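This structure is a prediction, so every number in the text was calculated from the model and none was measured. Each chain gets a letter, A, B and so on, in the order the sequences are listed, and its residues count up from 1.
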Number of protein chains: 2
Amino acid sequence: MSPRPDVRQRLLEAAEELFAAQGASATPVDQVLGRAGVAPATLYAHFGSKTGLQAAVLESRLARWDAVWRAAVEAAADDRGRLLAVFDALEAFAGTGAPSRWCAFLEAAAGAPPEDPIGAAAVAADTDLLRTRLTELARPVAGAGAAELAEHLLVVVSGALAMRLRPGAEHAVARGRAAAEALVPRHG
Amino acid sequence: MSPRPDVRQRLLEAAEELFAAQGASATPVDQVLGRAGVAPATLYAHFGSKTGLQAAVLESRLARWDAVWRAAVEAAADDRGRLLAVFDALEAFAGTGAPSRWCAFLEAAAGAPPEDPIGAAAVAADTDLLRTRLTELARPVAGAGAAELAEHLLVVVSGALAMRLRPGAEHAVARGRAAAEALVPRHG
DNA sequence: GTCTATACACAGATAGAC
DNA sequence: GTCTATCTGTGTATAGAC
């Protein structure tokens with residue numbers, strides 16, 4: 001019960017907020033340190049480098065996204081609703097934690113060179129989760145066409161995330177959902 | 001007829017290639033100078049700042065994209081083809097100039113803070129062109145539903161661009177086109 | 001208009017004490 | 001484990017000569 005508990009956790013939270021809001025590459029380490037109230041050496045003792053910190057943030061973020069999406073699926077009423085629940089999850093996820101500019105995984109991929117292991121791994125894990133779960137959820141709706149429908153929805157979800165970079169970012173998820181609804185057949 | 005003509009143009013071309021391949025924020029000015037074979041002071045005499053250079057690059061790039069897209073529309077056979085020609089244009093555009101990692105306009109928006117005038121203006125101009133022309137082209141296909149269909153396609157196009165950041169980037173445009181084809185009715 | 005040389009700022013990371 | 005203080009590299013931009 002020291003007056004400064006869970007330094008690692010505080011660093012993670014500070015970094016996640018700032019990285020989400022501004023982008024990781026646009027966020028100096030000093031700013032994370034300032035918000036967490038921690039000294040530089042401590043950060044490097046825990047995470048080794050800024051990249052290590054970023055990897056830890058993305059890992060934690062992916063776990064949270066996974067949980068939020070799962071909950072949204074469970075809350076949905078029917079097969080079609082469960083498939084489209086990814087958009088409920090996107091909205092719910094924006095509510096948890098700090099506001100984020102756009103997708104942290106795409107941002108990591110965009111901000112780092114293609115061969116960078118951390119950016120590549122993070123976006124690969126995110127993509128894998130999206131593709132796998134969308135395919136599962138599409139099966140009751142589209143049967144043998146599930147993989148194809150899931151692929152189309154993966155494009156639309158990615159598009160909804162990219163739309164957050166365009167003017168009118170507030171409507172990005174709603175626009176994505178509208179496009180997706182036009183894509184998913186009304187009844188299996 | 002000096003031995004070093006069109007310094008401005010050479011800077012623009014060098015910057016466009018490097019910015020497209022690596023992202024503007026990840027590209028140091030020195031690298032542009034090296035490729036163009038030009039001294040630092042010359043760049044600042046012409047463009048004022050790195051940001052100014054980036055703005056000039058984006059302007060030139062938008063003009064090229066506009067022309068390529070226009071040509072793709074003219075080459076298409078029917079109304080539906082003209083609407084979907086945006087995907088032909090995306091492929092053709094990737095062929096012109098240097099290879100690019102993903103969309104330079106979205107990259108500018110992602111790499112700069114939201115209030116940054118240059119990133120915001122560039123992505124706004126690009127978005128406006130996409131939305132306006134897609135709506136025009138959707139009219140013969142969807143009539144009164146043109147605006148709505150265009151909005152859906154804007155999401156899909158943005159998604160195709162974002163898919164270039166995910167594993168399997170080579171198939172990004174093809175996947176976008178497949179999703180779009182499922183969205184556009186077969187005959188008006 | 002273009003060059004050489006350099007100023008200035010800041011970011012990521014470390015040394016060594018406590 | 002955490003802190004204070006600092007080192008080092010690099011990036012943008014400019015001064016001043018030609």
Report the distance from atom CG of A:Leu53 to atom P of C:dA13, rounded to the nearest whole Å. 10 Å
Tell me, which pairs form a ring pair (Phe, Tyr, Trp, His ring centres under 6.0 Å) where one or both residues lie in residues 69-101 of chain B, sequence neighbours left out? B:Trp65-B:Trp69, B:Trp65-B:Phe93
With sequence neighbours excluded, what pairs up with B:Arg164 under the salt bridge (charged side-chain N to carboxylate O under 4.0 Å, His left out) test? none
Under 3.5 Å donor-acceptor pairs involving side-chain atoms of residues 21-32 of chain B, not counting sequence neighbours:
| from | atom 1 | to | atom 2 | distance (Å) |
| --- | --- | --- | --- | --- |
| B:Gln22 | OE1 | B:Thr27 | OG1 | 2.9 |
| B:Thr27 | OG1 | B:Gly23 | O | 2.7 |

Length of the line joining B:Leu33:CG and D:dT10:P, which is rounded to integer Å: 16 Å
Rounded interatomic separation in angstrom, taking CG from B:Leu43 and C1' from D:dA15: 17 Å
Atom CZ of A:Phe47 to atom C1' of C:dT14: distance rounded to whole Å? 18 Å
Could you give the NZ-to-P distance, from B:Lys50 to D:dA13, as a whole number of Å? 8 Å
Nearest of D:dC3, C:dT2, C:dC3 to any side-chain atom of B:Val7? C:dT2
With B:Phe47 via ring pair (Phe, Tyr, Trp, His ring centres under 6.0 Å) - residues at least two apart: none
Which residues satisfy the side chain to side chain contact (heavy atoms under 4.5 Å, CB included) test with B:Pro167, sequence neighbours excluded? A:Val123, A:Ala124, A:Thr127
Distance check: side-chain N/O of B:Tyr44 vs OP1/OP2 of D:dT14, anything under 4.0 Å? no
Nucleic acid contacts - residues 14-32 of chain B versus DNA chain D, non-hydrogen atoms under 4.0 Å: B:Thr27, B:Pro28, B:Val29, B:Asp30
Rounded to the nearest angstrom, tell me the gap between atom CG in A:Leu11 and atom C1' in D:dG1. 12 Å
With the threshold set at 4.0 Å, does a side-chain nitrogen-carboxylate oxygen contact exist between A:Glu91 and A:Arg177? yes
Looking at C:dC3, D:dT4, D:dT2, which one has an atom nearest to any side-chain atom of A:Ala45? D:dT2
Respond yes when some side-chain nitrogen or oxygen of A:Thr42 is under 4.0 Å from OP1 or OP2 of D:dC3, and no when none is. yes
